[in-house]
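Letters A, B, ... mirror the listed sequences (proteins, then strands); counts begin at 1.
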Amino acid sequence: AQRVTQPEKLLSVFKGAPVELKCNYSYSGSPELFWYVQYSRQRLQLLLRHISRESIKGFTADLNKGETSFHLKKPFAQEEDSAMYYCALRARDDKIIFGKGTRLHILP
Amino acid sequence: SQTIHQWPATLVQPVGSPLSLECTVEGTSNPNLYWYRQAAGRGLQLLFYSVGIGQISSEVPQNLSASRPQDRQFILSSKKLLLSDSGFYLCAWSGAYGYTFGSGTRLTVV
């Protein structure tokens, strides 16, 4: 079964501390994985894709096929990182399956 | 550039009334289009998707329906709203870089 799991509903981190948002997936085949972010009063938007191997706003995510994980990391949290984060997987039929999301709260 | 428009932004409707939410895409042709419902603690639930005009697939049984009368238009409807239809509805289209989402509609059924 295709599934994306984000075990944390809420993650509170102090400003300047490292951030790790966990994501595990279940998919038979090679998945295409994404992180989406929704800031307060803004639309849901793409943060990064595993294919690009890019760093956006200081965030990175590495696909670990052995652990079936795609955790989102940032070495030093900033207050503007407070948002709702969704991990997502695109299946072969082009449907995207989302995790339930993690609310990241950066404490001053 | 590709853009996606969704309206209205908010809607308050009485139980039993009809619903029509509209989504249009610009700057692309023959997009795959999707309707999602976003609920607190439940993430994003795929409701419908469409790969072309008149082609609709439903992911979950429910009180809602979808239609695609034109290539870049996707409509979410109901004949009679239920209280449980309240939620935040998102339209999206699929491109090479992932999904692009509309700004969403907050529907409150009273």
Between A:I96 and B:Y36 the two heavy atoms that sit nearest each other are O-OH, 2.7 Å
Answer with side chain, backbone, both or neither: which region of [X] has an atom nearer than 4.5 Å to a non-hydrogen atom of chain A?
| X | value |
| --- | --- |
| B:Q45 | neither |
| B:L46 | side chain |
| B:Y99 | both |

Please determine whether residues [X] and [Y] belong to a single hydrophobic cluster, defined as Ile, Leu, Val, Met, Phe, Trp and Tyr linked transitively by side-chain heavy-atom distances below 4.5 Å.
| X | Y | value |
| --- | --- | --- |
| A:M84 | A:L33 | no |
| B:L44 | A:L89 | no |
| A:L21 | A:Y39 | yes |
| A:V19 | A:F70 | yes |
| B:V15 | B:L76 | yes |

Assess the pair A:F98 and B:F101: is the distance between their ring centroids shorter than 6.0 Å?
yes
Any chance you could measure A:L44, atom CG, to B:S103, atom OG, to the nearest 0.5 Å?
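A:L44 CG to B:S103 OG: 11.5 Å, rounded to 0.5 Å.
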At a heavy-atom distance under 4.5 Å, which candidate from A:L46, A:I97, A:D94 has the highest pair count against chain B?
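Winner by heavy-atom pair count: A:D94.
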Closest-packed option against chain B by number of heavy-atom pairs under 4.5 Å, given A:R90, A:Q45, A:Q42
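Highest number of heavy-atom pairs under 4.5 Å: A:R90.
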Could you tell me whether A:F76 atom CZ has more than 12 heavy atoms of other residues or ligands within 6.0 Å of it?
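Not buried by this count: 12 neighbours or fewer within 6.0 Å.
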Quick one, A:R43 and B:Q6 - any side-chain contact, counting heavy atoms below 4.5 Å?
no
Heavy-atom cut-off 4.5 Å, strictly under: side chain, backbone, both or neither for A:E32 against chain B?
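Side chain of A:E32 only, per the 4.5 Å heavy-atom cut-off to chain B.
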